Amino acid sequence: MTDYRTMPESTPLARESKITLLGTALMLVMGALVIGSGVVLVAATILLGDSAFDLP
């Protein structure tokens with residue numbers, strides 16, 4: 001027996017479509033907006049404290 005092995009044929013790498021990349025970028029932006037708005041609400045709650053209940 002010999003240890004001769006043939007090299008497997010190289011398969012081309014699958015490329016992501018532009019629509020998939022656009023969708024991923026859109027989801028990341030939407031997630032950043034949600035996190036950012038949460039940070040703003042938490043900061044407003046901390047800064048206003050009990051005075052938030054006095055607002056009309």
Side-chain angles (χ1 to χ4, degrees):
M1 289 180 76
T2 61
D3 288 336
Y4 177 73
R5 295 181 186 177
T6 60
M7 295 295 289
E9 294 182 18
S10 61
T11 57
L13 296 174
R15 299 192 67 146
E16 296 291 333
S17 68
K18 290 184 179 185
I19 296 297
T20 303
L21 294 175
L22 180 65
T24 303
L26 183 63
M27 292 301 291
L28 287 173
V29 168
M30 287 172 40
L33 287 174
V34 168
I35 291 172
S37 63
V39 169
V40 167
L41 288 175
V42 167
T45 302
I46 292 171
L47 292 175
L48 289 174
D50 290 338
S51 64
F53 295 115
D54 298 334
L55 295 174

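Everything quoted here is computed from the prediction, not taken from an experiment. Sequential numbering from 1 along the given sequence is applied to the chain's residues.
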Within a radius of less than 6.0 Å around CG of Leu47, do more than 12 heavy atoms belonging to other residues, nucleotides or ligands occur?
-> yes
Could you grab the distance from atom CD1 of Ile46 to atom CG of Leu41, nearest 0.5 Å is fine?
-> 11.0 Å
When rounded to the nearest 0.5 angstrom, what distance separates CZ in Arg15 from OG1 in Thr20?
-> 12.5 Å
